[in-house]
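Have a look at the structure below before the remarks.
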Amino acid sequence: MGNGADGIFFLTGKDFNNAGTASSNLKAVLERMGIAQDIIRRTAIAAFEAEMNVVIYAVAGMMKYRVTDTEISVTVQDMGQGIPNIDLAMTEGYSTAPDHIRAMGFGSGMGLPNIKKNTDNLSVNSIVGEGTTLEFVIQIKD
Amino acid sequence: MSLDEIRDILNATVITHQASLRNSVESVYCADLMSDVLSFSDSGCLLITGLTNAQVIRTAEMAAISVIVFVQGKRPALQTIRLADEKDIPLLVTDLPMFDACGRLFEKGLRSQSASISRAPIVACHEGC
Ligand SMILES: Nc1ncnc2c1ncn2[C@@H]1O[C@H](COP(=O)(O)OP(=O)(O)OP(=O)(O)O)[C@@H](O)[C@H]1O
Ligand SMILES: [Mg+2]
């Protein structure tokens, strides 16, 4: 490879028509860079879970990414209600999603654990009433 | 199993462009919960679902799912079909209920990955016994 890339996408809360566009664009960037398929899949899944959470729970947010020769790092930051108990939110099956979200096939409390499963490093920071920041890294192995 | 075969087995209609019907799949994942699809499906699999919203296509895109079958005659909106075409994910619709669609494909030999995982301990037991 030898070349890096970085960029930013903006996310809008409750905009379910466009939910997934940022992750889709990130996936396209990684494909153009010739990153391995399994690395792309893990990144796309983690980004999409994070993006859906912003669309579902927050008012607005952004997804920033940086790709180097060795890793992909993604930061998803939002303005929103925040997460009162991060340990609880990270527990499989814990969800506060309302019924209309469940009807769409989401809201079973699997998103954050799935981001953890698909990434090599995840940090979650949140301030109640202000917002949430997720940062995750996926190593690119040769 | 080729998509042609799947279409015939399920009496399904292809509602996207036909080009990628040459694809084939090795495994199936069946769910209405996209959360589960994102957590447990295999890349390259066939997704059987009763949900038809745009997030199903997005989920399939991220999880690298090869083809989607909608059961019970449910058709996504035109906009959603267009998104699938854009992402090169063939969509099929069958009138069969979910159980019957799964049953027919199982009968023809398709399996989910978790089925092959759960067979593993049985083999190990035979070797140990
Ligand atoms: N960006 C966020 N802002 C506010 N709360 C959040 C955010 N992300 C997650 N949460 C809280 O953490 C809970 C668990 O999130 P997680 O993504 O694991 O599951 P979910 O979104 O409820 O369901 P799933 O991801 O399976 O569709 C959510 O129900 C919500 O209460
Ligand atoms: Mg979630």
Side-chain angles (χ1 to χ4, degrees), chain A residues 11 14-28 30-31 35-56 63 74 91-97 100-119 138, chain B residues 20 23 25-27 29-72 74-89 91 98 113-114 117:
Chain A
L11 313 171
K14 310 288 173 286
D15 183 2
F16 291 102
N17 282 329
N18 291 306
T21 316
S23 308
S24 179
N25 288 335
L26 174 57
K27 184 173 183 247
L30 301 178
E31 273 164 0
I35 308 265
Q37 287 302 323
D38 61 316
I39 304 280
I40 293 179
R41 184 174 189 267
R42 286 168 55 207
T43 310
I45 288 175
F48 184 56
E49 295 276 20
E51 181 175 2
M52 285 306 294
N53 281 354
V54 173
V55 175
I56 295 169
M63 178 187 292
V74 180
T91 312
E92 268 186 24
Y94 175 82
S95 177
T96 62
H100 74 274
I101 298 300
R102 289 171 201 267
M104 283 174 41
F106 292 87
S108 53
M110 301 294 289
L112 290 171
N114 198 28
I115 296 172
K116 188 158 182 64
K117 190 178 96 184
N118 280 289
T119 58
I138 289 133
Chain B
S20 30
N23 294 358
V25 295
E26 254 107 73
S27 67
Y29 195 79
C30 169
D32 283 350
L33 269 179
M34 295 305 114
S35 308
D36 280 354
V37 176
L38 288 163
S39 297
F40 305 121
S41 69
D42 299 325
S43 102
C45 76
L46 161 82
L47 172 65
I48 302 175
T49 185
L51 278 192
T52 56
N53 64 56
Q55 269 65 46
V56 175
I57 313 298
R58 288 297 183 197
T59 298
E61 180 192 358
M62 304 312 155
I65 280 165
S66 291
V67 54
I68 306 173
V69 174
F70 299 107
V71 293
Q72 212 82 64
K74 292 179 193 173
R75 264 172 182 270
L78 205 58
Q79 211 186 332
T80 308
I81 299 176
R82 282 209 197 100
L83 179 63
D85 264 325
E86 224 175 89
K87 301 300 169 193
D88 256 327
I89 302 171
L91 305 181
M98 190 180 268
Q113 191 207 30
S114 40
I117 286 172

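Throughout, protein chains are lettered first and strands after them, A, B, ... in sequence-line order, and every chain is numbered starting at 1.
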### Close side-chain approach of A:Arg41 to B:Met62, heavy-atom, < 4.5 Å
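No; the side chains remain at least 4.5 Å from each other.
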### Query
Which one, A:Arg42, A:Glu49, A:Arg102, leads in non-hydrogen pairs under 4.5 Å with chain B?
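The candidate making the most pairs under 4.5 Å is A:Glu49.
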Can you say whether [X] sits under 4.5 Å from chain B via the side chain, the backbone, both, or neither, judging by heavy atoms?
X: A:Thr21; answer: both
X: A:Ala46; answer: neither
X: A:Gln37; answer: neither

### Message
Just so I understand: if I count every heavy-atom pair under 4.5 Å between each of B:Asp36, B:Leu33, B:Leu38, B:Thr49 and chain A, which residue has the most?
### Response
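Most pairs with chain A among the choices: B:Leu38.
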### Task
Give the member of B:Thr59, B:Thr52, B:Asp32 that has the highest number of heavy-atom pairs under 4.5 Å with chain A.
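Most heavy-atom pairs under 4.5 Å with chain A: B:Thr59.
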### Task
Would you please say whether a donor-acceptor pair under 3.5 Å links the side chains of B:Arg58 and A:Ser24?
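The answer is yes; a qualifying pair exists.
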#### Entry: Donor-acceptor pair, side chain of A:Lys27 and main chain of B:Glu61, under 3.5 angstrom
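Checked: pair present.
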### Query
B:Gln55 side chain to A:Phe106 main-chain N or O, any donor-acceptor pair under 3.5 Å?
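Flag not set: sc B:Gln55 to bb A:Phe106 has no pair under 3.5 Å.
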### Task
Could you tell me whether B:Arg82 and B:Glu86 have a side-chain N and a carboxylate O separated by less than 4.0 Å?
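Salt bridge absent between B:Arg82 and B:Glu86.
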#### Entry: Contacting region of B:Ala64 [heavy-atom separation from chain A under 4.5 Å]
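Interface part for B:Ala64: both.
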### Query
Can you tell me if NZ on A:Lys117 sees more than 12 non-hydrogen neighbours from other groups inside 6.0 Å?
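Count over threshold, so yes.
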